[in-house]
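First the proteins, then the strands, lettered A, B, ... as listed; each starts at 1.
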Number of protein chains: 2
Amino acid sequence: MAITIKDVARESGVNISTVSRALNNGYGVNPQTRDLVVSVASRLNYRPNRVARGLVTGRSHSMALVVSDIRNPFFAEVARGAADAARTDNCDLILCNSDLDPVRQMEYVKSLLEKRVDGILMNSVSPLSAEDQAELVECGVPIVLLNRSAASKAFSTVSADNEAGGVLAAQHLLKLGHRKIAHVTGPRQHGNLSDRTRGFVQTLEDAPRPVTPIVLHGPFNFEGGRDLSARLLAEHPETTAIFAANDVMAFGAVRTALDRGLRIPEDLSLIGFDNIEFSSIIHPPLTTIHQPKYEMGQAAVEILLRLARDKTRRTPESRVLGVELIERQSCGRRS
Amino acid sequence: MAITIKDVARESGVNISTVSRALNNGYGVNPQTRDLVVSVASRLNYRPNRVARGLVTGRSHSMALVVSDIRNPFFAEVARGAADAARTDNCDLILCNSDLDPVRQMEYVKSLLEKRVDGILMNSVSPLSAEDQAELVECGVPIVLLNRSAASKAFSTVSADNEAGGVLAAQHLLKLGHRKIAHVTGPRQHGNLSDRTRGFVQTLEDAPRPVTPIVLHGPFNFEGGRDLSARLLAEHPETTAIFAANDVMAFGAVRTALDRGLRIPEDLSLIGFDNIEFSSIIHPPLTTIHQPKYEMGQAAVEILLRLARDKTRRTPESRVLGVELIERQSCGRRS
DNA sequence: TTCATAATTGGAAACGTTTGCGACTATTTT
DNA sequence: AAAATAGTCGCAAACGTTTCCAATTATGAA
């Protein structure tokens, strides 16, 4: 059996309450007995039982991260930021994959509530029914949503400045002299994607010499990028630049370009969004809009930590983090 | 405050022990009162406090995954498999990133022990000192190591059949008629890498017309693959095929080939190891040895789960999972 | 020296469960 | 009809902490 606070108390000839005080804050206990207790504890190799502590303090010192799939490099990066931030407060991070399945997501949340997690960082609540969402805001545990700034005001949110990213992409293409511009993106109802699209389209239309881009919606993945850009180039071969709503869709566009014998960036310019690691590895290295993924995870648990401490006034907090244009070699100049 | 078993007991007019029995196994309690209790519990929206339960049962229903970095796609896939397997037993998965730093790794482990996790799935113990390793085997919590079959017999292990993967790669290249073959891999002391190397080299040397490959060691990442193959091709331009010890190194070799104006697979054949998602996305799609990453994560927590249940005879268990050649378009025929 | 005060410690309740044991009732057996 | 048995259920201890409160001791001021 593991050794407990009682063993330490017996061995040092004091009461367990003294042991507890000596080992925790150390305040209000005689330095001598404190030293004694500490030495006995380390000699016995005592490790406090954190679940017992959690029972009385009400804090479990764990956070949860509910994403659609950790295999998505975007979420992996967020997870790393979140885990590192949690570690600074001795919290650990529970990983849940929902595949955006509402049932699974609620199952996870309920299980997490039973575990009394101190906070939950969630990918999305949009697939959830209104009742489920209401239950989430009522359940009492702090929740922050990722990249869902448009969602209910009841939740805290952390997101990248998606609209600004769209603007950056448009400006870059404009500056390079492009006039035949297209945009391939995910499903229409996708909140932060439409922010990107809005910033992009608006900027093109507000330009001194306005451009109206072609916008295509489809699956938010490699195949979507590949197929959408194939359709696009078949119908509009005059297109000189494509802005993809994320890097993986851009990779799909690269594949299509290669299949059609187009050179990048000579024949076709490509710009992505996310700046995942493989954007710099692929050929040609992809010009893209950098999202501060690691920092988003970090910021999210910082908010969660704050909310967990102030059990009183828990006003939701929202942060939007800046994005950045990363120029690599997939965009070329047009006269 | 959250509502507890006492509230349910009071509301249904029975003792808390009856509530507990009714809600758990349900055995030994009158079907009528059972139904009553269940309905009251759901009406009050009662959620059992799992930390209180954990305190008495001694099981926390959580597992931990300690990897070097979740951003490595290999580990992300393992994590997904582990999380899914854990979910089947209502366990959840705590994610820890060690960066292979021994200090951080031990900190994490100690923290996990305090949390009374039911098991730990670990990337590696090799950076740990002998005392630390001894402490791990002594601590009483089941541990399974990933891809470290050569490690101490005291731990359970799950690994891919690395040697067979090396054999497969060699056979494939031989079959395509290659005679000038090289192998770029990670640092020399890396256990499972040397398994791959051994299988590869042995097979080439044992062939009817034996081949002695050039073997280069370097950093186990993109830059390593890029630089090693650059050096290789500078010194041995006659090389027609390279086996990289993982896909990311292979991507580095692709970059080098492109830089030198070599076509893949016409001028240079490439074969990787891992079969991460981007292997099929990159151009040309990479021929590689598939590791069952998801299944490895799954198998690991299955072992952990079994070990957690049988607190008695805890004999370490080892499983090695098969690998598979995935033929894509980065390897060509030589006459 | 005496009293007030501060510092240190112990006792015990509490956190929310599970579970062994005994008591009581209903059912069956002889 | 009495005894044995099975089915229900309540009581209370236990899990390992933290923390409030009271008790004791040491310290300083008057």
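If you take NE2 of H61(A) and P of dT17(D), they are 15 Å apart, rounded to a whole angstrom. Rounded to whole angstrom, the span from the CZ atom of R116(A) across to the P atom of dC15(C) amounts to 13 Å. Atom-to-atom, CZ of R53(A) to P of dT17(D) comes out at 8 Å; the value is rounded to the nearest Å. As rounded to whole Å, 14 Å separates atom C1' of dC9(D) from atom CG of L36(B). Distance, R34(A) CZ to dA7(C) C1': 16 Å, rounded to whole Å. Between E114(A) atom CD and dC15(C) atom P there is a gap of 20 Å when expressed in whole angstrom units. Atoms CG (L55(A)) and P (dT19(D)) sit 12 Å apart, rounded to a whole Å. Distance CG (N30(B)) to C1' (dT27(C)): 14 Å, rounded to an integer number of Å.
Residue E114(A) places its CD atom among more than 12 non-hydrogen atoms of other residues, nucleotides or ligands, all under 6.0 Å distant.
In this structure, T33(B) does not reach the dT8(D) phosphate: none of its side-chain N or O atoms is under 4.0 Å from OP1 or OP2. Contact check, Y27(B) against dA6(D): no side-chain N or O comes under 4.0 Å of OP1 or OP2. The phosphate of dT18(C) has neither OP1 nor OP2 within less than 4.0 Å of any side-chain N or O from T57(B). For N24(B) and dT18(C), the shortest distance from a side-chain N or O to OP1 or OP2 is below 4.0 Å.
Among the heavy atoms of the strands lying under 4.0 Å from S20(B) is at least one base atom, whether or not backbone atoms are also near. Within the nucleic acid shown, V51(B) has no heavy atom closer than 4.0 Å to any nucleic acid atom.
Side-chain contact check for E277(A) versus R71(B): every heavy-atom pair is 4.5 Å or farther apart. Residues D92(B) and H61(B) are not in side-chain contact: their nearest non-hydrogen atoms beyond the backbone lie 4.5 Å or more apart. Side chains of C91(A) and L305(A) form a contact here, defined as non-hydrogen atoms less than 4.5 Å apart.
Side chain of N49(A) to main chain of V51(A): a donor-acceptor pair is present (N/O by atom type, distance under 3.5 Å, no hydrogens or angles).
Atom CE of M63(B) sits about 14.5 Å away from atom CG of L95(A), to the nearest 0.5 Å.
A cation-pi arrangement is present between R87(B) and Y108(A), with the terminal nitrogen or guanidinium carbon under 6.0 Å from the aromatic centre and inside a 45° cone about the axis.
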Report each atom pair, protein N/O against N/O of nucleotides 11-13 of chain D, whose distance is under 3.5 angstrom.
from	atom 1	to	atom 2	distance (Å)
dC11(D)	OP2	N15(B)	ND2	3.2
dC11(D)	N4	S17(B)	OG	3.0

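Proximity note for I5(B) (side chain, C-beta onward) versus dT8(C), dT17(C), dT17(D): the nearest is dT17(C). Distance from the side chain of K6(B) is smallest for dT17(C) among the nucleotides dT8(D), dT17(C), dT18(C).
Both V29(B) and V19(A) lie close to DNA chain D; mapped to their nearest nucleotides by heavy-atom distance, the more 5′-ward contact belongs to V29(B).
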